[in-house]
Protein chains: 4
Amino acid sequence: MRKLPAKLASQLYGAAELIAERGLDGTKIEDIAEATGIPKATIYYHLDGKNAVLEFLLSDLLDMIAGAVGVAVSSDADARTRLEAAVAAQLEVMLEHPYLCRALVGDLGRATRLPDLALALRAAFYEPIEQLLTDGVADGSLREVADPSVVALSVFGAITVAGLSAAVEGPSPDKTADAARFSSAICGLILDGLATADDNMVVADAPPRP
Amino acid sequence: MRKLPAKLASQLYGAAELIAERGLDGTKIEDIAEATGIPKATIYYHLDGKNAVLEFLLSDLLDMIAGAVGVAVSSDADARTRLEAAVAAQLEVMLEHPYLCRALVGDLGRATRLPDLALALRAAFYEPIEQLLTDGVADGSLREVADPSVVALSVFGAITVAGLSAAVEGPSPDKTADAARFSSAICGLILDGLATADDNMVVADAPPRP
Amino acid sequence: MRKLPAKLASQLYGAAELIAERGLDGTKIEDIAEATGIPKATIYYHLDGKNAVLEFLLSDLLDMIAGAVGVAVSSDADARTRLEAAVAAQLEVMLEHPYLCRALVGDLGRATRLPDLALALRAAFYEPIEQLLTDGVADGSLREVADPSVVALSVFGAITVAGLSAAVEGPSPDKTADAARFSSAICGLILDGLATADDNMVVADAPPRP
Amino acid sequence: MRKLPAKLASQLYGAAELIAERGLDGTKIEDIAEATGIPKATIYYHLDGKNAVLEFLLSDLLDMIAGAVGVAVSSDADARTRLEAAVAAQLEVMLEHPYLCRALVGDLGRATRLPDLALALRAAFYEPIEQLLTDGVADGSLREVADPSVVALSVFGAITVAGLSAAVEGPSPDKTADAARFSSAICGLILDGLATADDNMVVADAPPRP
DNA sequence: CATGAATGAGCATTCATTCAT
DNA sequence: CATGAATGAATGCTCATTCAT
């Protein structure tokens, strides 16, 4: 699996919609060849089979997300602010690449079976959040929770499922606005929760209220 | 797709792990036949093809979830309490059936392409939450949000991804305890949020505070 | 590789000429399917791939030869007489199945790479001769030689190459007569040699004549 | 097919073992490239395809054999003596080049389908013997046989199969000694036969003795 | 009803060969 | 001259599905 020439790489994106629509197994290499204009044998010359096509496309998406989130996370604001930025960043990239996202969800099983992708997946989606949760406790901007890893997972789920859903809806005219709207809704949820404000907090492991 | 004789139905569950592990496309009917002990042709006699196997398995899971959540939701407590119950109920069923859950995620793409399943998916996971959000606003137990459908999606994501993750981890010795722990963490997140208590609320679309 | 139903087995012989003509690598499974009337997938249902087709055909030939030679060899005549009978028997079978013989030669390399065939090859062609050589020394009908295994090899070569050559020439109208003619010529060679009768014997390891 | 630069020619021999082991069809040009160190495209620059590689290697072997046998045959000794010399010469070359020999046998089918090779094959192996048989009858050193061409074929078979077998056994430490041993055994066989000396001669077509 | 046997349709992958540099 | 890159053409094999019993 040599490094792809830039031209081929860009052509290959033409396959994303196909794969998003039908799943990788439902997509013949021949279809990919047609959709991208790259001859079948040339795809095989550069990539190690069908999985590698998906791997290439998703790696790229995951890199973009990891990159954007990485930037968002590395400001010197407090963790809560950075979490908000990270949510926005991730949603922006996701909405920017709806086909890749759909391909990712549609072939999530396969993606997790590809070791490289599984790692990239964790690194892009889960780890920054986990880190932020820790940071937030340290700088006092986020409260401590009883089960940080489950919470990180849930936050990851909250963001990702919303983003995915937006991606599945099909292209939207104003992605930035969408991203902002989603981002705002999600941050409202994960930062302030849904309980009515005057209520007593429900804290995990909290003693039963009298 | 006649109703399956009970014996076959139960044997068929033996295929869940296989499908969870390899995805439906990576699983030959022949493999399913071997794993379940049901002869290939007999599977075809009772079910309309490979997809129908997945459909059967997942319908069942979805029904179980919908059922459990349905029960949880129909108590006469306030919406917030019912939401907590729903979360717990969903997680319990998911943890009780880790292979089915993994099969579901792994073939999410296909699942959403099968109309019946897509519907059942919505009905089991999304709709009860959406309803609860509305109810909560009405009975004052949950606060109003600017974008209820996005929030419902996120809540759904928070619960589901956490549950899925638990399912992927492999069977746990004490599923009920796990479910409780997860449930508690998730409710803490979606009801109270992560922001430190003394902070001003970040409310979506709220006017800047002076 | 289940046991072939008799009908298929017989149809399969229709592929012998093809393979003889073009070699196995030059013969597509599809060609074999056409030539035999057996659908491609059915061939695969019964046999483990292309090699197995050759293996089946040649095993059969080898069995026939081993059988005929076995019968010839098990009379209670002296070894020399039995050798003559064995030569005749081998040639008869070879001439009776020219295509199989040509297939065998044409794909000799592959045949020797298929362990089962390599064994059958030895058993059909080489071992009976080796045995006869030993027997002949014991019963006094054949002379002792310095290097029995090389001689056995050579005798095997003398018979086989002649027979093969006849097979390659294409079908002859009177195979039995051919076999007799070849048999007679070969026996004359291997029993009496080519040296003129009045000459001193050239015996291996014999001291140089003065 | 230009004349190969000497260096390439010699590198090309590195492919003989490969081809001997797997057959030509089982050997990718790429494998040959790797084994010889000659880049794939360079092979194509100098030779007309895969067959030409085999043709080159085998032509060479055949030329060597034809040459050595030619020398052996052109002494002015009697035919019988020259036959002995020819046998020794042929075996020497064969044992000197075991891989080429195995490649030859393994792809005998293909070799006979390449017209140039088929001719060279005859010229190297068969014709000198045939000639010697005729010469021997003329000079009285070999007896007349009823079916000279069959006998020539058998003699060719006796020599070649023994030689091949030696080649297949793998490299031997002392090839010259091997050749001498084989040669002696084979000459004993084809000149004096295996019948015990005191026996009546079995002469093809000889009238029954009273 | 259940199923062993049979097969049509499909497709990923391979590889010999070409060609621009 | 030599060769890395590219590809057209080919094919072995798989597997979901059917059907006769």
Side-chain angles (χ1 to χ4, degrees), chain A residues 2-5 7-8 11 24-34 37-53, chain B residues 2 4-5 7-8 11 24-34 37-54, chain C residues 2-5 7-8 11 24-34 37-53, chain D residues 2 4-5 7-8 11 24-34 37-54:
Chain A
R2 311 152 182 70
K3 192 113 189 48
L4 282 181
K7 197 192 168 197
L8 280 198
Q11 283 177 287
L24 189 64
D25 282 303
T27 310
K28 289 177 275 190
I29 281 274
E30 180 125 15
D31 297 337
I32 297 180
E34 253 171 50
I38 311 171
K40 220 178 354 170
T42 303
I43 296 177
Y44 275 95
Y45 179 71
H46 291 285
L47 292 164
D48 288 345
K50 220 159 88 161
N51 273 344
V53 173
Chain B
R2 313 155 183 68
L4 283 181
K7 194 190 171 201
L8 281 198
Q11 282 177 290
L24 188 65
D25 280 302
T27 309
K28 292 180 266 186
I29 282 272
E30 180 120 19
D31 297 336
I32 298 180
E34 252 172 51
I38 312 171
K40 214 169 20 160
T42 304
I43 297 178
Y44 273 93
Y45 179 73
H46 292 284
L47 290 161
D48 290 342
K50 214 159 91 159
N51 276 340
V53 173
L54 188 72
Chain C
R2 313 154 181 69
K3 192 110 187 52
L4 283 181
K7 195 189 169 199
L8 280 199
Q11 284 176 287
L24 188 64
D25 283 302
T27 309
K28 289 177 274 186
I29 281 272
E30 180 128 13
D31 296 337
I32 297 180
E34 254 172 47
I38 311 170
K40 225 183 344 176
T42 303
I43 297 178
Y44 276 98
Y45 179 70
H46 291 284
L47 293 163
D48 287 345
K50 218 158 88 161
N51 273 345
V53 174
Chain D
R2 311 153 185 70
L4 284 180
K7 196 190 167 201
L8 280 198
Q11 284 177 287
L24 188 65
D25 281 302
T27 311
K28 291 179 265 186
I29 283 272
E30 181 120 19
D31 297 335
I32 298 180
E34 252 173 49
I38 312 170
K40 216 171 17 161
T42 305
I43 296 178
Y44 273 92
Y45 180 72
H46 291 286
L47 289 159
D48 288 343
K50 213 160 91 161
N51 276 340
V53 173
L54 187 72

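Letters go in sequence order (proteins before strands), and every chain restarts at 1. Note that the structure is predicted; figures quoted are calculated from it, not measured.
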Please name all residues satisfying side-chain contact (heavy atoms from CB on, under 4.5 Å) with C/D31, sequence neighbours left out, ordered by chain then number.
C/L18, C/R22, C/T27, C/K28
Look up atom OG1 in B/T42 and atom CG in B/L47, then write down how far apart they are to the nearest 0.5 Å.
11.0 Å
Rounded to whole angstroms, how far apart are CD1 on A/I43 and P on E/dT13?
11 Å
Nearest heavy-atom contact between D/P39 and D/A33 is C-CB, 4.2 Å
Please state how far atom CD in C/Q11 lies from atom P in E/dA6, giving the value in whole angstrom units.
11 Å
Rounded to whole Å, how long is the line connecting atom CD1 of C/I32 with atom P of F/dC13?
11 Å
Side-chain N,O (B/T42) to OP1/OP2 (E/dT3) below 4.0 Å:
yes
So which atom in B/L24 and which in B/K50 form the shortest heavy-atom distance, rounded to 0.1 Å?
O-NZ, 3.2 Å
Salt bridge (charged side-chain N to carboxylate O under 4.0 Å, His left out) against A/K40, all qualifying residues, sequence neighbours excluded
A/E30
For the pair made of NZ in D/K7 and P in F/dA2, what is the distance, rounded to whole Å?
10 Å
Reading nucleotides 16-21 of chain E 5' to 3', which nucleotides get B (base under 4.0 Å from a protein heavy atom), which S (sugar-phosphate only), which -?
SBBB--
Dot-bracket for DNA chain F, please, read 5' to 3', with Watson-Crick or G-U wobble pairs under 3.5 Å on both distances, ( ) within the strand, [ ] crossing, | other strand, . unpaired.
.||||||||||||||||||||
Salt bridge (charged side-chain N to carboxylate O under 4.0 Å, His left out) against C/E34, all qualifying residues, sequence neighbours excluded
none
When rounded to whole Å, the CD to P distance for the pair A/E34 and F/dG8 reads 13 Å
Nearest-Å distance, CG (C/L47) to P (E/dT7)?
13 Å
B/L8 CG to E/dT3 C1': how many Å, rounded?
13 Å
Report yes if a side-chain nitrogen or oxygen of C/H46 is closer than 4.0 Å to either non-bridging phosphate oxygen (OP1 or OP2) of E/dA5; otherwise report no.
no
